[in-house]
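Here the structure is laid out as structure tokens; the discussion comes afterwards.
Chain letters run A, B, ... following the sequence lines, proteins first, then strands; residues in each count from 1. All of these numbers come straight from a predicted model, not from anything done at the bench.
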There are 2 protein chains.
Amino acid sequence: MSNLELPVLGQDDAAACCSPMVREPLGEEAAVELAKMFKALSDPVRLRLLSLIASHEGGEACVCDLTGPFDVSQPTISHHLKVLREAGLVGSERRGTWVYYWVLPAALAKLSSLLQAPAAIATVPAGGAR
Amino acid sequence: MSNLELPVLGQDDAAACCSPMVREPLGEEAAVELAKMFKALSDPVRLRLLSLIASHEGGEACVCDLTGPFDVSQPTISHHLKVLREAGLVGSERRGTWVYYWVLPAALAKLSSLLQAPAAIATVPAGGAR
DNA sequence: GTCTTGTTTCGACAGCTGTCGATACAGCGA
DNA sequence: TCGCTGTATCGACAGCTGTCGAAACAAGAC
């Protein structure tokens, strides 16, 4: 069976803790921590926010870039950004007037590797490479 | 506050659901669907249930194998299994007295690939064209 | 200084979620 | 048939979540 170039465990310290959950039962503490991250991803607005930030030029986006595409109010966007930040999925920094957010790739990689299902790897279309 | 109209890619494309979200903004519909799956993962008990099922011999587990390790009641386990099933993450079947659950690897793979964060994302040049 | 703009926090509210005990349903064995 | 065991559903309830408008805070412009 072919093996793609997948994020390898131990690639960095954040991912080291998370082997695919299909290999061994998750511990209770690990489950609690991971559930918090998945909960941050469990809202459509936050999911779109995350992808907007990640796909933005330079890999970061100003809040002012993020309020436009949504139907919800600006305080609500701010709230969702806070949730993403507290879950460790994004980082933020104020630069003058604006506040910028960027994705923390290690966090996404951690969740991604956790969900890797060996039996399914062969059925996944060959990566995102264009 | 919401007059901005940014181009959103992938709203009509099936691939939008499976390519890394760091490459292009998630469409609204795709985000709603994916959020449901992540919501199913956003509870520690469900996360552990999923890993217990996946790591069980034969890749499937009877409900009777799943109630033991948890402090919650049997109806609660049944409820969580239902959530996982309705999210499309597991399948189930009754065989005589017992009901068996198994993980649907394609669903995990879908989420896993979505979260894949290429290391390059952090170093994309600011002037990069799309 | 004052004003303007960008962002966060606050307080409130409806709706959803996880949990339970009680109960109903499904098979099996005696 | 009856009873037993395994599983799902029901009804209820406390607590959490997403949302808003109003207000506060931060930084720059005038």
DNA chain C: first to last nucleotide in contact with chain B (atom under 4.0 angstrom from a heavy atom), 5' to 3', is C/dT17 to C/dC28

Using the side-chain contact (heavy atoms from CB on, under 4.5 Å) rule, take A/Val90 and A/Leu81 through it: C-alpha gap first, then chi angles, then the decisive distance, then the call.
CA-CA 8 Å; A/Val90 303; A/Leu81 288 171; 5.6 Å; no

What closest approach, in Å, do B/Leu104 and B/Gly91 show between heavy atoms, and which atom pair accounts for it?
CG-N, 3.8 Å

What is the distance from atom OG of A/Ser78 to atom CZ of A/Arg85, rounded to the nearest 0.5 Å?
7.5 Å

Taking side chain to side chain contact (heavy atoms under 4.5 Å, CB included) as the test, write out the residues that go with A/Thr97, two or more places apart.
none

B/Glu33 atom CD, neighbour heavy-atom count above 12 within 6.0 Å
no

Solution key, residues 64-77 of chain B side-chain donor-acceptor pairs under 3.5 Å, sequence neighbours excluded:
residue: B/Asp65; atom: OD2; partner: B/Cys62; partner atom: N; Å: 3.3
residue: B/Ser73; atom: OG; partner: B/Thr76; partner atom: OG1; Å: 3.1

Sequence neighbours excluded, the answer for side chain to side chain contact (heavy atoms under 4.5 Å, CB included) partners of A/Glu93 is A/Arg95, A/Trp102

Please set out all donor-acceptor pairs under 3.5 angstrom arising from side-chain atoms of residues 35-45 of chain A, sequence neighbours excluded.
residue: A/Ser42; atom: OG; partner: A/Lys39; partner atom: O; Å: 2.7
residue: A/Asp43; atom: OD1; partner: A/Val45; partner atom: N; Å: 2.8
residue: A/Asp43; atom: OD1; partner: A/Arg46; partner atom: N; Å: 3.4

Which residue, B/Arg46 or B/Arg94, contacts DNA chain C at a nucleotide closer to its 5' end, judged by nearest heavy atom?
B/Arg46

For a quick test of reading the model: is some side-chain N or O of B/Tyr100 closer than 4.0 Å to OP1 or OP2 of D/dG6?
no

Residues from residues 69-87 of chain B lying under 4.0 Å of DNA chain C - heavy atoms:
B/Asp71, B/Val72, B/Ser73, B/Pro75, B/Thr76, B/His79, B/His80

